[in-house]
Structure formats: structure tokens, C-alpha cells
Amino acid sequence: MILLRRVLFYIFLVIYLFVCPYIILRTLGVTFRPGKQTIERTGIIYITTIPSGADIYLNSRLFSEKTPTIIPNLRPAAYRVRAVLPGHRSWEKTLPVRIGKATVVENMLLLPNQWTPLILDPEPVKETVPLIGVPFVLVRKGPQMQDVILFRQSPFPDEQTREENPPESLKPVPLAAPDSVYARMTVRDIHTIAQSSFLLVHGHLNDQETYLWITLKEPVEIRNITELFPERPDKIVWASVEPNTIFTMRDGVVNRLDLKEGAIYPQILTNIETLDAYKDSAFALTRDHHLVRWQGAQEELKLPLQDSKLDPGLFTSSKRWTLHVHSEKLFMFLSDDGTLLSNPFPVPVLEKNAKDFLFDKARRQLLIWTDKDIGILDYRKAPEENDLIKEPPLTWLKLKQKNIAHAEWINDGEQILWQTDRAVYLTDTMSLGQPRVEKIADIAKNSRIDYSEDSGALFYLDDKRRLTAVKILPVELTLPIPHLDLEFTVLQEETTP
Amino acid sequence: MKFAYSKHGLGRFEAGLQRMLEILPGAVSWMTLIGMIVLSILRPSWAAIIIIAFYLYWFFRLIYMTIFLALSYLRLSLEKDTDWMAQIRLVDHLDTSLKDFRKAAPLPLNKRLLRTLRYFDLKTLQRSRRRPPPSEEIFHLIIYPVVKEDRDILEPAVRSLKDQNFPNSRMLVVYALEERAEERIKETVFALEKKYKSDFLDVQVMVHPADRPGEARVKGANVTWAARQATAYLEKKNIPFENVIVSCFDADTVVSPSYFACLTYTYMITPHRTQSSYQPIPVYHNNIWDVPGFARVIECGASFFQLIEATNPEKLVTFSSHSMSFKALVDVDYWPVDMISDDSAIFWKAFIHYDGRYRVVPMYVTLSMDVAGSDQLWETARSVYKQKRRWAWGVENFPIVMRAFFKNRTISLYDKIRHSFKLFEGHVSWATWGFLLSIIGWLPGIFAHREYLTSVVYYNAPQVTHTIFRLGILSLIVSIIISLRLLPRSDKRTTLRRRIKHAFEWLMIPLILIIFSALPALDAQTRLMLGRHMEFWVTDKVRKKGSPS
């Protein structure tokens, strides 16, 4: 046994001494070309697609593995890479490969040969009410409460399993049943908050101003809270995590409504221009352009904008502002003429023409759109505080479109879904500069789209104002890898649709 | 060489050297772990390359060990039905037996293999010209240390002695009873002495006085006291020490019926029998089904380690319950009385005393002990952790052995390097590999910065490591098969359902590696490094009523 141990030990030692350096060199991208008797340093291409399983052609030669995959041992050069998946349009791009480097194409969305819309309701719809981060679609078909209809967003059926049209999972649920006392209430406004499962519906019932607090679940819960509204407010906000507190503002005076106690706490803030809620606090921009915070029984707290990058001097114009609080330290202000200010750098984000924006807190990226273009600002690249020179760049997609009305990220920020007043489009964010722009559908004029992260489906009103859905992303498990701050220059070349 | 195998009573220089050597294993383990973490943060590419080199090394070593685990298990299976008393008779009539081997009739392959092994045993003995005493003159001294073990632990052990196929009349059973033990325990021990006295040559209870000067509260002090008392007993009976084999067992040790016959045979055929220890394969079957799954897997791992080590007698060190020549025990002045790891320390003490002419002879026979634990999950986890930390405290031998090696001029340099490297590397890898394999190996990817994220290493390294781990599953499969085959088949509780469950319990290995292997070892080394010496901790051992013994 001892002899056997020794013999095997030396055999294993010799194998290790050969295998270990070989594998390490391969890992480093160093490869031996037996034909040329040379050792070369190489690079790789890492490519993942959605859906996965696409064939990869490298300079017209089929690669042995399907996506997601690593194409190893590539000499430094430009390679024509094509991803092909049956039923989908092929994706092609010229990618540069550098020594010791990985060229990364991550979560490349392969678009289907043709979109297959699913009409959820054959009757025309007046408008959609976008509910961000909530698994429902809300539509208004008429003026009354019974005409406000909820559709569950998921599970969204695959094309193969669509036996019913629409399937049971997507059947409509009226916000107020026909026999409900609120069924015939005339709806004037529907207030929503991103990530909140509550709605505040304002309307008239029997000639009386009525405010209903609605919990979006099945069955829908309706609570009449009209007694908390002695007069009609100019602005109503609440925090998504604090559904028992509503802040209302009228003529610069803020009231707090406690839904649990059914009580009004009047005049918690005065001389206010605009207002937002975050957690248990109300944040407001005063008319003399100071940011203040109200939190519980504490005194009104003036926040030191002067010490941050947001100088009150920036507000000294006749603009009307809206405040957006993303955290206790991150505020954004949008004016009626499209100036967007933000307290982290850069200040201002945009001098004019900003129509609206979305901030992704998890990825710390801002999506901003004007009438003609969409821009991305990555706060992860923000410089250190007090560094006045470097600023994270606001990168524009250069869409050359008109009437951009709304945009939002999909596929973990890899693509942007955006709409004009007539159509909805899809664009890759990784292809900054000259992006692939894919029209998905024509939509009813001035209607709003609604995208569901849960089901990967887009909901919109078609040209006949019917509520329609189309599956954009297959919901599949993908292994997340750390987000790459890649040098996007590698992907700026022309794409072949 | 005369050497005081102790960390106490040293001169200034010796004490300084001892302290420095105490720091060394823990410092190297911590430096390895912290160094790899820091490297993963600062230079993830370098860290990834080092990790690949380490994973490959681990993989080859794993395969190497798995081969010998399988071979060792095959040998154990082959020897399972050996009639050791018949083998003893062959040694008693050595010359005739060797002649008879040539006349033996054709046998099946396994029997032929065994016959060949026996033939080589006898031939080696004949060539050595170191004939053993006749088997009838060989006696066994069995010492059970007792401090808090109850009757349900002690009686199955003594019953297993009674059931030996070796004559009980040549077995002297000694209970090394701590004076500080509870009265209830003392009464149990004396009751057992009375009950079984007539079944053996004798059953004696040696009460070890509490807190004797120069002793720590350790098992070694207790069994040394008992062995010294037994010396007088043997002298009085005129039994030569060369003819006595002493087995120092844990109180829960249940030996297989052929253990003492196998031990006697092995003792007889070993040419330098009085300068050898005899190491059986420990299994932990007494309460295997009474403890949580993770504890079963850990103890299977301990048995596997001994199975693998058994194939390498040149580097084998005594572990847990084992046996040795009583003469050697007396020559080396018994077990250390101030060390916790008396089981391995006695080997090193003898190795140094005999200037390297001492070895451990593996025996392919099992003895069964309890899995440390109770019926509560957390209690079991606590007990297992503490037991493993106590095992890992064997690192306390390193500084003493090194000091002895520095002084000794007779032991060859090769032997010194071989043994000290194994001792050192064994403990450092024990404390670090679990972390490197389960956690630190993934850190370069987690701490990846911009530069590393765009490098080929970032994408290639996980592929390489995944492939290595996938290949490593082969070893896991072999381990599962052997562990299932090692389980006691006679035990009615070993149902098919339990076997399947046990197979899946092996999937906990990554977690077990960290919590019950690397962490206690690192804990022990850190304590030694910081000079926080451990007191002896008596493991809780619990068996449910009706557990087979």
C-alpha cells in the first residue's frame, strides 16, 4: 500500500505540475497554437440573450455552444457576432476583442419575428391609469366608478397556452360592483403613488364631493374618507410604505390625515409650494424655496440645502415646481418648463425641456425624457462630494423622435420601453449612441402604456382603444452578475436589424 | 532521547521557543485567510489565479484520498469475517504455518488475497527473527476513564469486552475513576466492577485523586494514574510488561467481538511490537440514528479520515481509542498529564523517546463510539463543535514535537521534516481549507472592480472552478456509497428510508466543512496562538433507550 501511495503520489504530482499551469494560462487567456507553434494572448466575448439558447455565429461560423456562453481564445480583432434563435429576429453586431479583456453583451433581448398582441377587452376604453410597481392595470371605460376596471397583470399566458381570449387570469374586475353604493359615483380624479397598493378616488356621489380610499386586492376594499376632506386639496400625496397617512395641500397649507384614527391634523406645514411624502415624513419646498421636513410631533425641520449642492438660488424664478423624494437625502425637483434639479451632482440635471423622469433607486440611474430624446444619468459614476469638476454624464440616446410621452426601464435596465403619442418602442440602453429602435405597436392617441415587471408584458390601448397586452420579456430565471460599468464605446457600431 | 514532553517547567529560551511555535500555526492560518481576503479585494485577478491553483491541488488530493479510502474500505470489508483466533494459532506455530501455506487448496479471490496478506505477515515476522511470546502469555489491560459517564454508556462497553472471542481470562479491565466524579457515577462503576469481576482476569477501579500537583484536569492524568496502579498489579502477578497490550479507550468504546484477537495477532506479527501503537478504525455507530444528520456526516468523515490514514502507516499517528505495548507506555512514563490531546501526544512522546523508532500499525478492525451530542439540535451542534475543537487542540503537540526535533540528533532529518510538515500542514489546512473552498474562493467575483469585471479571468475563473467542483462530486458519490456500506446492518433501525436520507445528508458538506471542521480548528489554533489554553471538556453523550450497543 505504501508503494502504491508513493507511485500514485508522484503520478498525481506530475499531472498537477502540467495541468495547473496549463489551466491558469487558459484562464488568463493565453493559448497555444500548435499549428503555428506560438503562444498567443487572447480575449473573450461573453454573451447572454433573452431568451437564452440562441445559436452564436462568429464571423459566419457557428459556435459550438448556445447562449449564455463565453467565446474563448479570440485573437484581438473585430468579430462579427450574430445571435440566432428560431422565431426571433437575429441580432448582429461587430464586437472588438482585446488582449486579456472580455467584451460583454449581457441580456441581449432577441425580439420575436412578430409581436402577438392579446386583446384583453374588446370594448373601447377611455384611458389607462398607470399603476407603477403594482400588479394591476387600471382602465376607465366611462365616467362612473363602475366603469373603472382592474385587470391583474400576471400570470400572463404564453402564446401556446392561450386557450381563452382573454384567459381567466386576466378577467376584468370592476372597482365598484354594479350593486355597490359607489357604482354610480362620477369619478373626477384618480390619485396613485408608485409602489403603493392604494388609490384615492375623488368624485361626486349624489351631488356630494366624495373621496374613496381603495385597497387594490381581490376583492377590492373601498373606504369612504370624505369626512377627512373639508375642502378640495390642490395636491394629495402619501408614502407607499405608510398607507395610514395622507398629506393634503391647499393654498400652501399642508394637513395630515390619519386614516387609522380618522383624524385631521391641520396646518402641519404652511407657506408650501410643493410637497411629497417619504416613509413617515412630509417633505416640502417652501415658497421662499427652502426644503423642509415634517416628521411626527417634531418641529418643522429646515433641511440645509445651502450646504448641499442644491442652492436655493436655483429656484428663484417664477417656475412652478414639483418635488420628488427618493430617500431622506435624495431629492429631485421638476419645474413646469422642464428644469430638473437634483441634490446629488449634477445640479441642475437639465436646464429645460425635461418632460418627466424615472429614478431607479436600486441601480441609482435616472431616466429622463424630453419631447425628442431620452437620456440616462448614472449616479454610480458620481464623483466625491465637493468635487466640482467631474460630473456623471447625462447620456442621450439620440432617438430623433417627436412627442416622447413616457419611458421606463425593462429587463433590469438593459432596455428602455418608451412611447410617443402614437406608438410604443423598445431600445437597448447598452447601445448608447446609435441604439436599436424597435417599434412594438401603434397605440391610441395620447394613451399611456403600462409595463409589468412580474409578467414581462406591456399593456396599452390599441388604435381602437381596446386594452391590449403583448409579451415583451419571457419570465425566466437568469443568474444576475454584477452590473458592468463597461466602456460603451465598444458597442457603438451600427447594428443590423 | 530523554525529553520532558510538556510545555511546563521550561527554561527561558525553551519557553520563548515554545511560545513562538505555539503562535506559528494560528498565525499562518490567519495570514492565509486574511491574505486571500485582502488579495481578493485589492488584486482579484491574482486571487482568482491562486484559488484555481489551490482548487486543482485540492481536487487532485481529493481524488488521491478517495482512491485510498476505497482501497482501505475494501481491506476492511475483506477482513470483516477473518477468524483472528485461527490467525493467532498460525503465528504460534509460525514455521509449520508457513509450510502449510504452500499446500493450501485453491480459494476464491478474496480468500486468496487474505491468505497472501497473512503469508506476507508471517514471512516478515520470520525474517525479522523477532518471535513473539506465545499467545497464551499475552495479556490485555483495558483502561476506561470515567468522570461523568453513566451506566448506559459504561455497561455496553464492558459487555463488548465480555463478548470477545479472545479469552476473557487474559483481560484486565481497569476503570480510571475521577475522585471528583459524582457519587452516583462512582456507585455505578463499583457496581460494574462487582458484576463483571469474575468474567475477566480482574476488574479494578482506580480512583484518581482530584487536583494532584503537576497535573491538569485532563484525561491523560486520570489514565496515567490508573496505568501506574496497574503496573503494581501486573508486577505482583509476575506478568512481563512486554506481554501486556494496553488499550486506552473512551468510556463509550464498544469493540467488535474480534477486536482483541485481531489486536493480539497484529501485536504478535509486528517485529518491533513493543515500539508500536495499534490503531483500529473508529466508527460512531453506538447512537448514530439518535443524533441530527449533520453529526452523522461529520463522524463518517472522521472514520473516513482514519481509513485513509491507515493506508499510510509511515505517517500514521494514534487517534482516540487505540492500543499499545504496556512496556512502551512504562518506558515513556505514561501519558502526558497536562495535555488534552493525550491520544496523539502518546505517539509523539514514544516517537521522541525511541529516537524515531516508533510507529503506528493500522488494524482493519472497527471499534464503535458515540457521536458527541444530545437529542437537541443546538445542543448537538454545540457538543460536536466543542469535540472537534478538542480534537483540533492536537495542534498543542506541534511546538513540543518541534522542540524535541530541534534537540534530537538521532532522528533523521528526513523523518523530522516529513513528520513536522505533516503535523503543521495538517492543522493549517484543517483550519483554512473549509473557508477557502466554501467562502473565500468566491470573493474575487464578489469584490470585482471595474478592471477585473472586464478581464477574461473574471469570466474564465468561475468556469474552471465549477468544472473542478463538478468533478469533485465523484469523490462525494464514493463517500456516500462507503458511508452507507459502513452503517451497521445488524441495527434494525438502519432502514432503506434512513439510508436514503443519510445519502442526502452529505449535501450539507460545504456547511459542515466550515462550521464543524474549519471553524473549531481555527478556534483551537487561535486559542493556542493567544495563549488561552483549553481545559478538558467532557463531551455529552446521549443514547436513546433501546439503542443497540
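Naming: A, B, ... by sequence-line order, numbering from 1 per chain.
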#### Entry: Criterion ring pair (Phe, Tyr, Trp, His ring centres under 6.0 Å) on B/Tyr267 and B/Tyr278, from CA distance to verdict
CA-CA 8 Å; B/Tyr267 184 78; B/Tyr278 303 90; 5.7 Å; yes

### Task
Can you tell which part of B/Phe60 gets under 4.5 Å to a heavy atom of chain A, answering side chain, backbone, both or neither?
both

### Message
Please classify the contact between B/Ile63 and chain A as side chain, backbone, both or neither, with a heavy-atom cut-off of under 4.5 Å.
### Response
both

### Query
Between A/Pro72, A/Gly100, A/Pro21, which residue shows the highest count of heavy-atom pairs closer than 4.5 Å to chain B?
A/Gly100

### Task
Flag the pair B/Lys422 and B/Glu309 as a salt bridge only when some basic side-chain nitrogen lies within less than 4.0 angstrom of an acidic carboxylate oxygen.
yes

### Message
Between B/Phe347 and B/His322, is the ring pair (Phe, Tyr, Trp, His ring centres under 6.0 Å) condition met? List the steps.
### Response
CA-CA 11 Å; B/Phe347 165 77; B/His322 63 272; 9.6 Å; no

### Task
Please state whether the side chain, the backbone, both or neither of A/Leu4 comes within less than 4.5 Å of a heavy atom of chain B.
both

### Query
Of all of B/Leu71, B/Asn312, B/Ile67, B/Val457, which one pairs up most often with chain A through heavy atoms under 4.5 Å apart?
B/Asn312

### Message
At a 4.5 Å cut-off on heavy atoms, which part of B/Tyr57 comes close to chain A: side chain, backbone, both, or neither?
### Response
both

### Task
Mind running ring pair (Phe, Tyr, Trp, His ring centres under 6.0 Å) on B/Tyr458 and B/Tyr452 for me, showing each step along the way?
CA-CA 6 Å; B/Tyr458 176 76; B/Tyr452 182 52; 5.5 Å; yes

## Note on the structure
In terms of heavy-atom pairs under 4.5 Å with chain B, the winner among A/Thr42, A/Ile11, A/Ile15, A/Ile23 is A/Ile23

### Segment of B/Val464 engaging chain A (4.5 angstrom heavy-atom cut-off)
side chain

### Task
Begin with the C-alpha distance, continue with both residues' side-chain angles, and end with the deciding distance and a verdict on side chain to side chain donor-acceptor pair (under 3.5 Å) for B/Ser303 and B/Gln306.
CA-CA 5 Å; B/Ser303 299; B/Gln306 257 343 98; over 6 Å; no

### Message
Between B/Ile50 and chain A, with a heavy-atom cut-off of 4.5 Å, which part of the residue counts as in contact: side chain, backbone, both or neither?
### Response
neither

### Ion pair B/Glu425/B/Arg61, N-O distance below 4.0 Å
yes

### Message
Is B/Ile49 close to chain A through its backbone or its side chain, or both, or neither, when contacts mean heavy atoms under 4.5 Å?
### Response
both

### Message
Taking the ring of B/Phe59 and the ring of B/Tyr55, is the distance between their centroids below 6.0 Å?
### Response
no

